[in-house]
Amino acid sequence: MTDTVLAKQSEADGHRFAPQDGKLILAHVLFAFGALVIGAIAGLLQGLVRGGIVTLPAGIGYYQLLTAHGVLMALIFTTYFIFGFIWASIARTLGDLMPQVRRMAWVGFALMTIGTLLGTVLILLNQATVLYTFYAPMKASPLFYIALVHVVAGTWASAAGLFVQYRYWRRKHPGQTSPLLAFMSVATMILWIVATLGVAATILAQLLPLSLGWTERVNVMVSRTLFWYFGHPLVYFWLLPAYMCWYVVIPKVIGGRIFSDSLARLSFVLFVLFSIPVGFHHQLMEPGISPLWKFVQVVLTFMVVIPSLMTAFSLFATFELTGRERGRRGLFGWLKAMPYKDVRFFAPFMGMLIFIPAGAGGIVNASNQMNGVVHNTLWVTGHFHLTVASGVALTFFGIAYWLIPAATGRKLTPKLHRLGIVQTWVWAVGMLFMSGAMHSVGLLGSPRRTAYTTYGDNAEAVGWMPYHVVMAVGGTILFVSVVLLVINIVLLLRAPRGVEEFPLGETAPDSPAVPVWLERWGLWVGIVIVLVLFAYTVPFADMIQHAGPGAKGVVT
Ligand code: HAS
Ligand code: HEM
Ligand code: CU
């Protein structure tokens, strides 16, 4: 990191957000948690239904509930929180938002909110029971696709605002590399924009015309392929903001240093390059894609594991160096030096711990033969409740504990730290039960996305039931954690006035300079385009050339 950047950052210590920026951040974060609460009610009910403990009151379908849960959790909670955190990161490292940028951010927020409210109403009215993956031949009301278009357009407006602020900073600081968090925010947004082109294409060219009745049939393979072209980088869009916290915030919170600025940037560049041309690892069991192209994309999938391994390496290095500075010795001596009573550390740390088995499960999924065992079973549901719903969600909770007071000019108190730690433990225990049961019963063959059934008292299916009951117990514990979270947020909003810091880590003063080529975005985007064309052109052309008559839309 250059001297000027360091100087700018220390100048900014004791930093307060401009009140207008605080409002923008808070609006995003609170909306995110609103979605989480409704999503959690659906999640709780799903667990109870599958465990055979409750039946849904007439009129509510299991698929309908699952759609609400998937959309509100995976699409809405994540996206709003990410924009809140990224706006905070930009304002903290590049300076208060410029007035036109703030306007773009609010336009983005408004579009996303119109889309979310409309979409949620349609799901509640059973007009959009198409699950959060909404691919053909499932058909929703045209208004649902219009709602999705609003959400995506809103994110684009916000991303454009972010690029404006970033370009302005670079013009004002010629020859300098940008602050690490700003670099990471830009990388995340580039990944998002390239990925959302796929989902925009299937919505506008396939799903909307189908649901308006302009076309009678739809090419299902193309729709699924375009969805997963988006759906896989989507998971890294959730993950990268968590990694921003792990790389930059955590070192500061534990009183250590960022291990390497260049390594962190390189790992984000690798995510931009390799997270997009890999969607086929969600389609390994589908006919209609040749094994060669599945193989190519699985190789690329294993490439995208590398930046996560780099992240693990650099976190261990930060922890160990910090431990040694405090006189801890031995391989795991550092474990004793960590501030477990600090929720800003503890919640994300629990997320990291859980992310280790989560990632290992991902590698199982990506292995073609093993995918045959786990695909469409509850194992996969278990996998992503460890990745996005724990590794990422716990990190977001950890961020919220300091970001909410930082945005409102208040202070995180010791009592709130304690409550936050309790909430984190409850989440971890609930997830141990729920995700543990999902993984186990998935291996026994219990399918995902299915309401309670014993398949006419089939012996095997009856054997799954004890696991489903454990799942329901875990889900109930998780729901308790959400209630604790809500209580904590209300208390945070009324915490004593003061300045809560945005913990911003730094590298050691004698660190080598960051190579400027890491910031050549034109080059990286160019390589992404080449990789995408390489991985998708031939199989995509195949799907179009050998298309049958297509499928009629299905309304559940
Ligand atoms: Fe995945 C399905 C493969 C990562 C989310 N994934 C899903 C779905 C979701 C999802 C939502 O190949 C289901 C979609 C649906 O509805 O159908 N996934 C992978 C692989 C990775 C991976 C190879 N997934 C994620 C992340 C997600 C996510 C991240 C969300 C945030 N996934 C798959 C595949 C499928 C799939 C197949 C399709 C399955 C099917 O058949 O349907 C890798 O990126 C994982 C790499 C990660 C690691 C872990 C590194 C560890 C770190 C922590 C360090 C800890 C420290 C603390 C330092 C290798 C960074 C240490 C402290 C101590 C005390 C020890
Ligand atoms: C699916 C429970 C939190 C994302 C499910 C399922 C259950 C469940 C029981 C359905 C399994 C099936 O029938 O296939 C819960 C509970 C939670 C929780 C009790 C906490 C209160 C989360 C969070 C996220 C999330 C925080 C993401 C940020 C998903 C997704 C699905 C799902 C994407 C799949 C929907 C689909 O297959 O279409 N959850 N979950 N969940 N959950 Fe959660
Ligand atoms: Cu994936």
Side-chain angles (χ1 to χ4, degrees), residues 36-37 39-51 62-63 65-67 69-75 77-78 131-133 228 231-239 242-243 246 271 275 278-285 298 301-302 304-316 318-319 332 334-335 338 349 351-368 371-372 374-381 383-393 396 427 430-431 434 438 447-451 468 471-472 474-482:
L36 180 92
V37 170
I41 298 172
L44 171 70
L45 288 172
Q46 283 154 212
L48 295 175
V49 168
R50 294 206 63 157
Y62 185 75
Y63 259 35
L65 202 62
L66 197 54
T67 306
H69 180 73
V71 168
L72 286 170
M73 290 298 205
L75 304 180
F77 159 63
T78 49
L131 303 182
Y132 86 108
T133 43
W228 287 118
H232 183 79
L234 169 68
V235 316
Y236 294 119
F237 170 69
W238 304 329
L239 182 67
Y243 278 9
W246 296 1
F271 275 118
S275 67
V278 298
F280 285 174
H281 69 227
H282 294 267
Q283 299 176 276
L284 292 174
M285 294 300 123
V298 163
T301 301
F302 281 90
V304 80
V305 172
I306 293 171
S308 279
L309 295 176
M310 286 163 62
T311 305
F313 168 78
S314 111
L315 288 167
F316 277 116
T318 292
F319 292 157
F332 289 107
W334 56 268
L335 271 172
M338 295 296 131
F349 182 73
M352 291 173 201
L353 269 178
I354 297 180
F355 196 61
I356 296 175
I363 294 170
V364 169
N365 298 344
S367 312
N368 187 53
N371 188 267
V374 300
H375 183 61
N376 273 344
T377 71
L378 277 170
W379 163 283
V380 174
T381 319
H383 160 68
F384 59 73
H385 281 93
L386 293 188
T387 53
V388 63
S390 297
V392 171
F396 288 1
W427 190 277
M431 203 49 96
M434 188 175 90
M438 285 172 166
R448 63 184 284 203
R449 296 181 156 174
T450 308
H468 286 201
M471 239 166 74
T476 310
I477 301 174
L478 280 164
F479 189 76
V480 172
S481 179
V482 172

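Just so you know, residue 1 is the first one in the sequence shown, and it goes up from there. Both backbone and side-chain heavy atoms feed into the values below; hydrogens, waters and symmetry mates do not. Each ligand, and each atom within it, is numbered from 1 in the order the structure gives. The model shown is predicted, which means the values in this text are computed figures rather than measured ones.
- Considering Gly361, Ala312, Ala74, Gly70 only, the shortest heavy-atom separation from atom 54 (C) of ligand 1 involves Ala312.
- Looking at His385 and atom 43 (Fe) of ligand 2 together, the shortest N, O or S contact belongs to NE2.
- The proximity of Leu315 to ligand 1, defined as any non-hydrogen pair under 4.0 Å, is limited to the side chain.
- Of all heavy-atom pairs spanning Phe77 and Ala393, the tightest one is CE2-CB, 4.4 Å.
- The shortest N/O to N/O separation between Tyr62 and ligand 2 falls below 3.5 Å.
- Numbered from 1 in the order shown, with element, the atoms of ligand 1 that lie under 4.0 Å from a heavy atom of Ala366 read 12 (O), 37 (C).
- With ligand atoms numbered from 1 in the order given, ligand 1 contributes 15 (C), 16 (O), 17 (O) to contacts under 4.0 Å with heavy atoms of Arg448.
- Each of the atoms 20 (C), 21 (C) of ligand 2 lies under 4.0 Å from some heavy atom of Leu478.
- Considering only non-hydrogen atoms, atom 28 (C) of ligand 2 lies nearest to Met73 out of His468, His69, Met73, Arg448.
- In this structure, of Leu335, Val298, Asn365, the residue bringing a heavy atom nearest to atom 64 (C) of ligand 1 is Leu335.
- Counting heavy atoms only, Phe316 comes closest to atom 65 (C) of ligand 1 of the residues Phe316, Phe384, Phe349, Phe319.
- Considering backbone and side-chain atoms together, Tyr132 places an N or O closer than 3.5 Å to an N or O of ligand 1.
- When non-hydrogen atoms are compared, ligand 2 lies under 4.0 Å from neither the backbone nor the side chain of Trp238.
- Of all the atoms in ligand 2, the ones that sit under 4.0 Å from a non-hydrogen atom of Arg50 are 12 (C), 13 (O), 14 (O).
- By the 6.0 Å contact criterion, CZ on Phe313 is open, its count of non-hydrogen atoms from other residues, nucleotides or ligands being 12 or less.
- Close approach of ligand 2 to Gly475 (heavy-atom distance below 4.0 Å) involves ligand atoms 19 (C).
- Looking at Thr78 next to ligand 2, no N or O pair under 3.5 Å apart turns up.
- Taking backbone and side-chain atoms together, His383 has an N/O/S atom less than 2.8 Å away from atom 1 (Fe) of ligand 1.
- For ligand 2, the atoms sitting less than 4.0 Å from at least one non-hydrogen atom of Gly47 are 9 (C), numbered in the order shown with element in parentheses.
- Scanning all protein heavy atoms for the shortest distance to atom 10 (C) of ligand 2 gives Gln46 NE2, 3.3 Å.
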TODO: Before giving the answer on side chain to side chain contact (heavy atoms under 4.5 Å, CB included), spell out for Ile363 and Phe302 the whole-Å C-alpha distance, their side-chain angles and the decisive distance to 0.1 Å.
DONE: CA-CA 8 Å; Ile363 294 170; Phe302 281 90; 3.6 Å; yes

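- When heavy-atom distances to ligand 1 are checked against a 4.0 Å cut-off, Asn371 comes that close only through its side chain, counted from C-beta outward.
- Residue contact annotation: Trp228 has a non-hydrogen atom under 4.0 Å from ligand 1.
- Counted by atom type alone, Thr450 and Tyr62 present zero donor-acceptor pairs between their side chains at under 3.5 Å.
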